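In what follows, a single structure is set out as structure tokens and then discussed.
Computed from a prediction, not measured in an experiment: that's the story for all the values here.
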Amino acid sequence: MHLAPSTSIHDLVSERPYLIDVLADFAPAFAKLKNPLLRNTLGRVATLQQAADIAGLEVNGLMLHITRGVLDHSSEAVTIVPKGAPGTGAKPGPKPAAETGASPCATACGTPCDAGQAPASGSPLSDATRMDTLKELIRELHAGADPATLKARFAAAVGDISGGDIARLEQAMVAEGLPEAEIKRLCSLHVDLFKGALDEAPAVSAPAGHPVRTYMDENAKAMEVADEIISQVDRMHRTPGDRTSPIDEMAWSFSSRYVKELLEDLAHIEVHYTRKENQLFPLLEENGIEAPPKVMWEVHDDIRGLFKAARAAMENLAATAAALAARDAAEAVKDMVYKEEKVLFPMALESLTEAQWARVRHGEDEIGYAWVTPGDEWTPQTPYLAGVADTAGRTRAGGAAQLVQLDTGALAPNVLNQMLRSLPVDLSFVDANDRVAYYSDVPHRIFPRSAAVIGRNVRNCHPPKSVHMVEDILARFKAGERDTAEFWIELGGRFLHIRYFAVRDTDGSYLGCLEVSQDVTDIRALTGQRRLLEWS
């Protein structure tokens, strides 16, 4: 067996599964290899050099540890090609053994040697130093420093970064007081600052049916449609190749209908965003990753705003404004695809357990998909939740159901569940600790909900721009100043009535907040009367 900085992690652990534990014992970062999905995605293309860099280790030391693991488990001979050896293409690492006094380490015999054990100049930064360096770069970026200069400093001081690193970096800086709004304002610059390193990071992949695979299949279609919009618009400029020149009115008259159809097709990506907000983000928050989802949700809303602006521009028939608005929406979607596949998905695969991915998958069908239908190759080893009532109200766990004792009667849980599902309103209940405890799983909800929302802080269930109003309502309810809050809006040609009620115990203590949403369009249109005897 030969070990070199370019050796594939996947090949190593596939042929010698015991090395998974050997690596996990050596550095906490390698514990991720125990996750089969992560091992078969990131691990498939990662080299020993990349793995050592991620873990903050010197690659020669890592190869020595692997060698000892192999010798402990087999009689296989191991040959190490040290970093910096002729033909490896790697940068020089530690000084040669002849200069340090250590024994040479070409053919491993199991005898300990010193190569790679002490830090060498040019070795990767420690995790703490690395994070401090990244924070300083981001602070300077927010202060207005030249991005090109910062890119050069990043390449010299750090060199590479993963999507998970960026998420942890933003999370840490929010915890230290940087406003989330400021993170959002410059999040594209953050990605651009590290783009070179992100481009070199291995692409994530997942089997059919896994939420990440579904997201990526949707992204592939979104990129196809967005590219077509951009291509159509760019060829309409009066001066070919000059995107600052006006749109040719004649060209627009021939192609505007097609661009409008493409824009409506691309708008299906909003279902993709809704699924992220309701299924994926709650589980990231559960793992302590709150800032990146909040920032990304705000960007979702910005993209929704771009679609709305593009539709309005097209109705006004102003060629240049309409064409460029459609192009802006397409570019924003493409930019989000990059952030998802280079930052969000690697971070999520690194963070979420298989049981959590099962929870993400559980509620996806209810929200729906953009363009694709998930496959069934991936089946989670851990069931969603034992004993959770299914949509028919039957418990999955065995045993007789106990009646729920109410003030004026008693009902079986499945009967109570179906009663709530039969009401012509959407119900959601937030407990006294501001956690979502229940929602009525009605067949046609006005606003999307899915099982992943249960236990979520209600503040994270609303776009960041409206959170302050939610907090104000809850504060007034808890203080006893108000018992109701009422709103009505027009959305998609329908008139919606939304009410919040403070729920209190018999002694007046606050139990939580009940949200009741109802489409009252048809009720408002009623005239005259229809009596019971007239029903048929």
Side-chain angles (χ1 to χ4, degrees), residues 141 147 180-193 195 198-199 215-216 218-277 292 294-344 370-371 463-465 491-492:
L141 180 66
E180 288 168 2
E182 181 69 2
I183 291 283
K184 183 244 179 178
R185 185 176 72 85
L186 291 172
C187 67
S188 292
L189 276 178
H190 295 177
V191 173
D192 186 57
L193 179 62
K195 190 175 187 302
L198 290 174
D199 287 343
Y215 284 130
M216 294 182 71
E218 290 173 329
N219 280 346
K221 177 63 176 179
M223 291 290 285
E224 176 186 323
V225 179
D227 282 338
E228 179 64 9
I229 291 174
I230 293 167
S231 173
Q232 287 291 322
V233 171
D234 285 354
R235 70 178 181 80
M236 294 184 205
H237 288 281
R238 291 180 186 172
T239 304
D242 181 5
R243 283 175 42 199
T244 63
S245 65
I247 295 295
D248 183 270
E249 298 281 348
M250 183 64 72
W252 177 249
S253 67
F254 281 111
S255 301
S256 59
R257 182 174 178 179
Y258 179 47
V259 173
K260 186 175 183 179
E261 290 173 353
L262 287 171
L263 185 70
E264 290 306 317
D265 191 17
L266 185 60
H268 285 99
I269 198 68
E270 294 184 56
V271 179
H272 173 106
Y273 298 156
T274 299
R275 214 168 61 252
K276 283 165 60 184
E277 292 160 358
K294 287 180 180 177
V295 170
M296 191 164 276
W297 192 340
E298 286 205 50
V299 179
H300 291 170
D301 284 347
D302 289 345
I303 295 174
R304 291 174 175 124
L306 290 173
F307 278 118
K308 183 177 180 180
R311 292 185 181 109
M314 287 187 169
E315 291 300 320
N316 292 333
L317 302 178
T320 297
L324 296 185
R327 194 186 195 285
D328 286 345
E331 286 284 10
V333 168
K334 290 185 63 175
D335 186 55
M336 177 57 75
V337 168
Y338 185 87
K339 289 171 182 167
E340 286 181 359
E341 300 197 358
K342 292 297 185 180
V343 179
L344 178 67
W371 304 292
K465 62 185 176 184
L491 186 66

Distance col, row Ser255:OG vs Ile247:CD1, nearest 0.5 angstrom, shows 10.0 Å
Quick note, side-chain hydrogen bond (donor to acceptor under 3.5 Å, both in side chains) partners involving residues 314-334, not counting sequence neighbours, are Asp227-Lys334, Asp234-Arg327, Lys260-Glu315, Arg327-Glu331
| said: Counting C-beta onward and ignoring hydrogens, is there a side-chain heavy-atom pair between Glu340 and Tyr273 closer than 4.5 Å? | reply: yes
| request: Please tell me if the side chains of Met296 and Met336 come closer than 4.5 Å, counting only heavy atoms from C-beta onward. | output: yes
Of all heavy-atom pairs linking Ala332 and Leu306, the shortest is CB-CD1, 3.5 Å
Would you confirm whether His237, through its side chain, and Ser245, through its main-chain N or O, come within 3.5 Å as a donor-acceptor pair? yes
Handout entry: Contact check, side chains of His272 and Trp371, non-hydrogen atoms, under 4.5 Å
Key = no
On a heavy-atom basis, the closest approach of Pro463 and Trp297 is N-CZ2, 3.8 Å
Separation between CD (Glu270) and CG (Leu266), nearest 0.5 Å, reads 9.0 Å
Would the distance check show the side chain of Ser231 and the main-chain N or O of Glu228 forming a donor-acceptor pair, the cut-off being under 3.5 Å? no
Test item: His300 and Arg304 side chains (from C-beta on) under 4.5 Å apart, heavy atoms: yes
Sorted by chain and number, sequence neighbours left out, salt bridge (charged side-chain N to carboxylate O under 4.0 Å, His left out) with Arg257 holds for Glu261
Taken in chain and number order and not counting sequence neighbours, the residues that satisfy salt bridge (charged side-chain N to carboxylate O under 4.0 Å, His left out) with Glu218 are Arg275
In this structure, CD1 of Ile269 is separated from NZ of Lys221 (nearest 0.5 Å) by 11.5 Å
| Taking C-beta and beyond as the side chain, do Leu344 and Lys276 meet within less than 4.5 Å on heavy atoms? | yes
Closest heavy-atom pair, Ala222 versus Val333, reported as atoms and distance to 0.1 Å, is CB-CG1, 4.0 Å
Here the gap from Phe307 atom CZ to Asp302 atom CG, rounded to the nearest 0.5 Å, amounts to 12.5 Å
Side chains of Met236 and Met250, heavy atoms from C-beta outward: is any pair under 4.5 Å? no
| field | Heavy-atom side-chain proximity of Phe254 to Asp248 below 4.5 angstrom | value | no
In short, Leu263 meets Ala310 closest at the heavy-atom pair CD2-CB, 3.5 Å
Do the side chains of Arg311 and Met314 get nearer than 4.5 Å, heavy atoms only? no
